[in-house]
Amino acid sequence: MLPNPTLDQLQVFLAVADTGSFSAAARQLNRAQSVVSYTIANLEAQLQLVLFDRQNRAPILTDSGRAILEDARRMMADLDGLRARSKALTEGLEGELKLAVSVMVPDSLLIAVLARFQKQFPTILLRLTVGAPFLVNSMVEQGGADIGIGGSSWEARPGIETRRVGLSFMSPVAAPDHPLAKLDRTIYETDLRDEVQIVVADTTKPAEGKSYNVLSQRTWRVSDMGTKRQLMLAGLGWGGMPFSLVHQDLMEGRLVRLDVEPYDAADYPVVAEWQTAKPPGPAGRWIVSEIAGSLGKCPGSIDEALASVDQSGRVGDPRSSQDRPLSLLPSAQAGE
């Protein structure tokens with residue numbers, strides 16, 4: 001008789017392969033570990049293959065398991081597509097929208113979009129969570145949010161659909177009386193060694209020893225951008241900040257931009273994300289479109305944003321900075 005694996009068995013198989021253990025898969029699926037182990041055993045019996053080597057502490061995919069893994073992913077992706085099309089054909093207006101937004105997204109932009117949302121969809125209940133970028137990713141992946149904006153990753157992830165809605169970038173800044181600001185020249189790594197760098201540490205996911213744009217040997221780690229900004233305004237350190245959060249400080253001279261030679265000031269995409277099997281309804285699509293439109297008014301590149309700041313750290317055209325809100329960088333690692 002031909003093998004007849006069930007979709008549930010394949011889902012459990014993918015969970016074990018992705019999480020690396022039966023216990024982690026059980027937690028992800030909200031099932032008992034014994035149920036997960038039993039399901040995998042039944043799947044192996046159906047396929048007449050050994051999918052995991054269980055001799056080590058953690059299960060390791062066998063050659064057969066790796067081969068079946070790609071087929072399982074493709075089948076589950078097809079199922080997600082079927083579910084999405086079915087929902088699109090039958091859905092009405094959402095009764096509730098769960099939205100997760102990164103702290104890196106400008107408050108003024110978000111509030112303006114939500115004000116229009118309330119007028120457009122007065123009957124819809126909104127559950128809004130604003131948090132660290134990794135939290136946004138996690139909430140979408142685990143179903144705690146219908147839509148995430150500005151998470152930490154723009155790379156492809158199984159079961160997650162993304163749409164680019166804008167660009168983002170950061171720049172190193174400090175108070176004008178900070179020793180680095182007084183150098184009045186390009187700053188090199190040797191200049192940074194003994195200066196305190198203020199770093200936002202994302203506690204929702206370990207950084208696995210990796211830090212992005214952390215260049216000083218002395219660091220102070222804080223939980224949010226607001227605290228980081230206040231410490232830098234007080235002259236207690238330097239660090240990278242989203243232009244959207246400090247452009248007024250730059251205009252009024254409370255902070256100045258630093259020309260740090262080793263600092264990676266590249267631009268990155270800002271994305272909206274949702275589960276492939278649970279695409280946004282009418283209100284959700286409206287939110288994504290409005291945020292994309294608002295971010296579209298931001299500078300189109302890091303060079304364009306930097307060009308708006310003169311040598312003193314002030315934005316060259318105040319009217320332009322008010323009309324075009326500056327976007328920001330959802331950092332992929334703890335740091336900055």
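Counting begins at 1 with the first residue of the sequence.
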Legend entry - Pairs where residues 41-63 contributes a residue and the test salt bridge (Lys or Arg N to Asp or Glu O under 4.0 Å) is met, not counting sequence neighbours: E44-R54, D63-R66
Legend entry - Considering all heavy atoms, the nearest P280-I147 contact: CB-CD1, 3.9 Å
Legend entry - Main-chain N/O of L192 paired with S216 side-chain donor or acceptor, under 3.5 Å: yes
Legend entry - Shortest non-hydrogen contact between P5 and L47, atoms and distance: CG-CD2, 4.1 Å
Inset, instruction - Working to the nearest 0.5 Å, report the span between CZ of R193 and CD of E189. - result: 7.5 Å
Legend entry - Expected output: side-chain K182 to main-chain P176 donor-acceptor under 3.5 Å: no
Inset, instruction - Would you indicate whether the side-chain heavy atoms of L99 and I287 approach each other to under 4.5 Å? - result: yes
Legend entry - Any donor-acceptor pair under 3.5 Å from S294 side chain to E290 backbone: yes
Legend entry - Student check: side-chain heavy atoms of V173 and V256 closer than 4.5 Å: no
Inset, instruction - Find the distance between CG (L114) and CG (L110) and round it off to the nearest 0.5 Å. - result: 4.5 Å
Inset, instruction - With side chain to side chain contact (heavy atoms under 4.5 Å, CB included) as the test, would you mind laying out the steps for D80 and D78 before giving the verdict? - result: CA-CA 5 Å; D80 285 343; D78 290 342; over 6 Å; no
Legend entry - CD1 on I68 to CG on L61, rounded to 0.5 Å: 11.0 Å
Inset, instruction - Kindly give the heavy-atom pair with the smallest separation between F121 and P282, and that separation in Å. - result: CZ-O, 4.3 Å
Legend entry - Heavy-atom closest pair, residues I187 and L183: CG1-CD1, 4.2 Å
Inset, instruction - Determine, stepwise, if the pair E96 / R127 fulfils salt bridge (charged side-chain N to carboxylate O under 4.0 Å, His left out). - result: CA-CA 7 Å; E96 178 183 78; R127 292 186 181 272; 2.6 Å; yes
Legend entry - CA sep, side-chain torsions, deciding dist, call: L135, M139, side chain to side chain contact (heavy atoms under 4.5 Å, CB included): CA-CA 6 Å; L135 176 64; M139 291 189 68; 3.9 Å; yes
All N/O donor-acceptor pairs, side-chain side in residues 8-25, below 3.5 Å, sequence neighbours left out:
{"from": "D8", "atom 1": "OD1", "to": "R31", "atom 2": "NH1", "distance (Å)": "3.2"}
{"from": "D8", "atom 1": "OD1", "to": "R31", "atom 2": "NH2", "distance (Å)": "2.5"}
{"from": "D8", "atom 1": "OD2", "to": "R31", "atom 2": "NH1", "distance (Å)": "3.2"}
{"from": "Q9", "atom 1": "OE1", "to": "T6", "atom 2": "N", "distance (Å)": "3.0"}
{"from": "D18", "atom 1": "OD1", "to": "R73", "atom 2": "NH1", "distance (Å)": "3.3"}
{"from": "D18", "atom 1": "OD1", "to": "R73", "atom 2": "NH2", "distance (Å)": "2.6"}
{"from": "D18", "atom 1": "OD2", "to": "R73", "atom 2": "NH1", "distance (Å)": "3.4"}
{"from": "T19", "atom 1": "OG1", "to": "A15", "atom 2": "O", "distance (Å)": "2.7"}
{"from": "T19", "atom 1": "OG1", "to": "S21", "atom 2": "O", "distance (Å)": "3.2"}
{"from": "T19", "atom 1": "OG1", "to": "A25", "atom 2": "N", "distance (Å)": "3.3"}
{"from": "S21", "atom 1": "OG", "to": "S23", "atom 2": "OG", "distance (Å)": "3.3"}
{"from": "S21", "atom 1": "OG", "to": "A24", "atom 2": "N", "distance (Å)": "3.0"}

Inset, instruction - Could you tell me whether a side-chain N or O of R218 sits under 3.5 Å from a main-chain N or O of D194, the two making a donor and an acceptor? - result: yes
Inset, instruction - Verify the cluster assignment for L109 and V130: are they in a single hydrophobic cluster under the rule of side-chain heavy atoms below 4.5 Å apart? - result: yes
Legend entry - W274 and T162 side chains, donor-acceptor separation under 3.5 Å: no
Legend entry - Path from V140 to F134 over hydrophobic side-chain contacts below 4.5 Å: no
Inset, instruction - Give a yes or no answer on whether the side chain of S289 reaches the backbone of R285 with a donor-acceptor pair at less than 3.5 Å. - result: no
Legend entry - Non-hydrogen atoms of D249 and R229 that approach each other most closely: OD2-NE, 2.7 Å
Legend entry - Hydrophobic cluster membership, I291 vs I160, 4.5 Å side-chain cutoff: no
Legend entry - Point-to-point distance, once rounded to the nearest 0.5 Å, from OG of S37 to CG of N42: 11.0 Å
Legend entry - Set of residues satisfying side chain to side chain contact (heavy atoms under 4.5 Å, CB included) with respect to Y188, sequence neighbours excluded: R185, T186, T190, D191, E261
Inset, instruction - Could you give me the CA-CA distance, side-chain angles and deciding distance for L79 and L7, then say whether side chain to side chain contact (heavy atoms under 4.5 Å, CB included) is met? - result: CA-CA 9 Å; L79 178 61; L7 292 173; 3.7 Å; yes
Legend entry - same_hphob_cluster(L128, L97) at 4.5 Å side-chain heavy-atom cutoff: yes
Legend entry - Test item: E161 side-chain N/O and T276 main-chain N/O as donor-acceptor pair under 3.5 Å: no
Inset, instruction - Using the side chain to side chain contact (heavy atoms under 4.5 Å, CB included) rule, take V101 and T129 through it: C-alpha gap first, then chi angles, then the decisive distance, then the call. - result: CA-CA 6 Å; V101 181; T129 300; over 6 Å; no
Inset, instruction - List the atom of P262, the atom of L215, and the distance in Å for their closest heavy-atom pair. - result: CG-CD1, 3.8 Å
Inset, instruction - Report yes if the side chains of H178 and E195 come closer than 4.5 Å at any heavy-atom pair, otherwise no. - result: yes
Legend entry - Interatomic distance, D177 atom CG to L180 atom CG [nearest 0.5 angstrom]: 11.5 Å
Inset, instruction - Report the distance from atom CG of N213 to atom CD of Q197, rounding to the nearest 0.5 Å. - result: 7.5 Å
Legend entry - Ring geometry between F117 and W286 (parallel below 30°, tilted from 30 to 60°, perpendicular above 60°): tilted
Legend entry - hydrophobic_cluster_shared for V222 and L236, side chain cutoff 4.5 Å: yes
Legend entry - Side chain to side chain, F52 and I40, heavy atoms closer than 4.5 Å: yes
